[in-house]
Amino acid sequence: MAKQAKTAITPTREEDYPEWYQQVIKAADLAETSPVRGCMVIKPWGYAIWENIKDDLDRRFKATGHKNAYFPLFIPMSYLQKEAEHVDGFAKECAVVTHSRLEADADGKLQPAGKLEEPLIVRPTSETIIGELFSKWVKSYRDLPLLINQWANVVRWEMRTRLFLRTAEFLWQEGHTAHATQEEALFETRQMLDIYADFAENFMAMPVITGAKTAAERFPGADETYAIEAMMQDRKALQAGTSHFLGQNFSKSSGIKYLSAEGKEEFAWTTSWGVSTRLIGGLIMTHSDDDGLVLPPRIAPSHLVIIPFTPKEETRAEVLDYCHELKQTLEGQSYMGAPVKVELDDRDMRGGEKAWDWIKKGIPLRVEVGPRDIASDSLMVGRRDRAPKDKQSVGKDAFVSGIVDLLDNIQDGLLAKAKKFRKENTRDITTEAEFVEFFTPKNKNQPEIHGGFASMGFCCDPELEEKIAKQYKVTVRCIPNATLKEEVACVFTGKLGKRVIFAKSY
RNA sequence: CGGGGCGUGGCGCAGCCUGGCUAGCGCACCUGGUUUGGGACCAGGGGGUCGCAGGUUCGAAUCCUGUCGCCCCGACCA
């Protein structure tokens, strides 16, 4: 008998968190690295998660009046130059297209030819080109607000990449809006941030803190950047979505002007906001355990897998028929406005092996059906949020009628667990000594496993912020909206400042 | 781009220090059989330019030089 691993994933989170993360992705068959450096191949199970993210967010965007559109992948290099801070932020990670064809040289090797008059950059984000188009579309106050979103891929030539968390090419959504007044634009910025927060918590079961970024962490060209920040299981912070108030910076550089009701020419106020495939990285690191991926039901590509147990050849057909029927019955139930999504795993494999396969993929429920269950009109049900062998026999009818409650129960449980984890690893810090103690690694071999979120007063002096970042490898993740009005003494200077969250970040 | 680690069948690794027969092991895969309510067992089998290039040598997975790639840490970032 082969030795049984205690956990399906090795190493465990405790042993080597970054390696565990990669192994979960592999075991769940979410994605893999590609022949192209820094780019990833998203496999069907991983892409299905992205599709679910996309569908749910898209509904929310449309419900708040936004329309989808598509803008070019290529941006003339000169466009990037229009906004000074924007150039600074993105120039060093742009892929540049300089030629339009290939020609074979004397040795038969292909060489770029047809040099372009003006190089094109592959969009790292689309503010500049969308600004250019907006300037044509906006003439009058009657054209505002202009509320556009695009689902697209972007490229940022990163030095170091990690599947889902940071890849050279990634999928995302970028909303771009233009408004007549500052108030409207600010409202939009915060509204979209709230949508992200609600989505993260209620769809992904990933609790987030909403807040403003300090100047150092702001989007290049933005007056104000807001973000949702989540705590991963290694207690580091993940910026999971951003919403930017761009002021009139881009409308001035792109010429987005309109005539007001009073006949005066005014610059529009713009915003932009986005979330990316990084969310999937956050999802993995929020819920998964040492047996693999754990998916909250609402985001799961499938809610449930039926695993037929057919120990005897003569009962095989009967069991499979029963399973097909059960699948149909379950699909007749509605969860979150759509049929319950059911897999029937009739692969020619041993039942136990299949069960482990689905555990690693994170499917919320496993339903095992064998002759004994059929005889007693019941099912063996395993939940992904419980131990692999913690299974219960449930009457079939009770299971079918309770499936929606059960899925909600799992969803709620995962959110509660993540919130509890965050609470346990968030500390109010009032002195510098406490701060130092909190962020000093307990284990030298795993310095990445550190304190957590430090909630504390900070004067927000940029120089001090930089010094702290260098010294302790932690940064201000955000100035939480929830405590924005609080005035707290800075832990370092004693000056009156804001309550902020310090943490190590991804 | 700096520091560290690693490249050996699909995956995970041993072998390298101290060069020497046909390069091993576990998992996976294929065939046959026995099995079957939680990661099966027995027997047989297929599959590897030892990342790549050059060098040293009678002989290189092993030593030397270069190079490419991956992972971790740092700088940068969603």
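Sequence lines set the chain letters: A, B, ... in the order given, protein chains first and strands last, and positions in each chain run from 1.
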Query raised in the report: What does A/Lys354 touch in the nucleic acid at a heavy-atom separation under 4.0 angstrom: a base, only the sugar-phosphate, or nothing?
Result: nothing
Report task. Establish, with yes or no, whether the OP1 or OP2 oxygen of B/C73 is under 4.0 angstrom from a side-chain nitrogen or oxygen of A/Lys473. Result -> no
Requested in this report: Sticking with atom P, work out how far B/U35 lies from B/G26, rounded to a whole angstrom.
Outcome: 26 Å
Query - Spacing between A/Leu165 atom CG and B/C72 atom C1', to the nearest angstrom - result: 14 Å
Requested in this report: Take the protein atom CD of A/Glu85 and the nucleotide atom P of B/C76, then report the distance between them rounded to whole Å.
Outcome: 17 Å
Query - Length of the line joining A/Tyr506:OH and B/C76:P, which is rounded to integer Å - result: 18 Å
Requested in this report: Could you point out which residue of A/Glu127, A/Glu188, A/Glu174 forms a side-chain hydrogen bond (donor to acceptor under 3.5 Å, both in side chains) with A/Ser272?
Outcome: A/Glu127
Requested in this report: Using atom types as modelled and distance alone, determine if a side-chain donor or acceptor of A/Lys354 lies under 3.5 Å from a backbone N or O of A/Arg347.
Outcome: yes
Query - Interatomic distance at P, B/C42 relative to B/C27, whole Å - result: 9 Å
Query raised in the report: Within this structure, what is the CD-to-C1' distance between A/Gln471 and B/A75, rounded to whole angstrom?
Result: 17 Å
**Report entry** Spacing between A/Ile468 atom CD1 and B/A75 atom P, to the nearest angstrom
**Finding:** 14 Å
**Report entry** Within-4.5 Å side-chain heavy-atom neighbours: A/Leu30 and A/Val24
**Finding:** no
Report task. Using the P atom as the reference point in each nucleotide, state the distance between B/A14 and B/U56 in Å, no decimals. Result -> 31 Å
Query raised in the report: Checking all strands, does A/Asp373 fall into the base, sugar-phosphate, or nothing category for heavy-atom contacts under 4.0 angstrom?
Result: base
Query raised in the report: For A/Gly370, which contact category applies under a 4.0 Å heavy-atom criterion: base, sugar-phosphate, or nothing?
Result: base
Requested in this report: Please state how far atom CE in A/Met349 lies from atom P in B/A40, giving the value in whole angstrom units.
Outcome: 9 Å
Report task. For B/C52 and B/U8, measure between their C1' atoms and round to the nearest Å. Result -> 14 Å
Requested in this report: Write down the distance separating the C1' atoms in B/G69 and B/G51, rounded off to the nearest Å.
Outcome: 7 Å
**Report entry** Counterpart residues, side-chain contact (heavy atoms from CB on, under 4.5 Å), relative to A/Asp198 (two or more places apart)
**Finding:** A/Arg60, A/Asn202
Report summary line: From the candidates B/G37, B/C76, B/C11, the one with an atom nearest any side-chain atom of A/Glu158 is B/C76
Query raised in the report: Counting just side-chain N and O atoms, does A/Arg162 come under 4.0 Å of either OP1 or OP2 of B/C72?
Result: yes
Query raised in the report: Taking only N and O in the side chain of A/Arg350, is any of them less than 4.0 Å away from OP1 or OP2 of B/A40?
Result: yes
**Report entry** Proximity to the side chain of A/Lys360 - top-ranked nucleotide from B/U35, B/G37, B/G39
**Finding:** B/G39
Requested in this report: To the nearest 0.5 Å, tell me how far A/Ile25 CD1 sits from A/Leu163 CG.
Outcome: 4.5 Å
Query raised in the report: In Å, rounded to the nearest 0.5 Å, how long is the span from CZ of A/Phe199 to CD1 of A/Ile228?
Result: 8.5 Å
Report task. State whether the side chain of A/His324 and the backbone N or O of A/Leu320 hold a donor-acceptor pair below 3.5 Å, judged by distance alone. Result -> yes
Query raised in the report: Think A/Lys396 forms a cation-pi with A/Phe399, using NZ or CZ under 6.0 Å from the six-ring centre and within 45 degrees of its axis?
Result: no
Requested in this report: Between A/Glu93 and A/Pro388, just flag the one whose closest nucleotide in RNA chain B comes earlier from the 5' side.
Outcome: A/Pro388
Query raised in the report: In dot-bracket notation, what is the pairing pattern of RNA chain B, taking Watson-Crick (N1-N3 plus N6-O4 or O6-N4) and G-U wobble (N1-O2 and O6-N3) contacts under 3.5 Å, with [ ] crossing and | for other strands?
Result: ((((((((.[[[[.)....(...]]]].((((((.....)))))).....[[[[[..)....]]]]])))))))....
Query raised in the report: Given the P atoms of B/A28 and B/C11, what is the spacing between them in whole Å?
Result: 15 Å
Query raised in the report: Between A/Ile9 (CD1) and B/G12 (P), how many Å, whole number?
Result: 13 Å
Query raised in the report: Taking the side chain of A/Phe309 as heavy atoms from C-beta outward, which of B/G37, B/G12, B/C71 is closest to it?
Result: B/G37
Query raised in the report: Under 4.0 angstrom, heavy atoms only, what part of the nucleic acid is A/Thr167 near: base, sugar-phosphate, or nothing?
Result: base
**Report entry** Minimum side-chain heavy-atom gap A/Val275-A/Trp172 below 4.5 Å
**Finding:** no
Report task. Assign each of A/Glu217 and A/Gln23 to its nearest nucleotide of RNA chain B by heavy atoms, then name whichever residue's nucleotide is nearer the 5' end. Result -> A/Gln23
Query raised in the report: Which value, in whole Å, describes the distance between the C1' atoms of nucleotides B/C76 and B/G9?
Result: 39 Å
Query raised in the report: A/Arg366 near the nucleic acid: base, sugar-phosphate alone, or nothing, with a heavy-atom cut-off under 4.0 Å?
Result: base
Requested in this report: Quick one: label A/Ile359 by what it contacts on the DNA or RNA (base, sugar-phosphate, nothing), any heavy atom closer than 4.0 Å.
Outcome: base
Report task. Report the C-alpha distance between A/Phe134 and A/Phe250 in whole Å, list the side-chain angles of each, state the deciding distance to 0.1 Å, and finish with yes or no for ring pair (Phe, Tyr, Trp, His ring centres under 6.0 Å). Result -> CA-CA 10 Å; A/Phe134 274 19; A/Phe250 285 89; over 10 Å; no
Report summary line: Which of B/C73, B/C72, B/G37 is nearest the side chain of A/Arg372? It is B/G37
**Report entry** d(CD, A/Glu353; P, B/A28) in whole Å
**Finding:** 7 Å
Query raised in the report: Distance between the P atoms of B/C17 and B/U62, in whole angstroms?
Result: 9 Å
Query raised in the report: To the side chain of A/Ala8, which of B/G39, B/C76, B/C71 is closest?
Result: B/G39
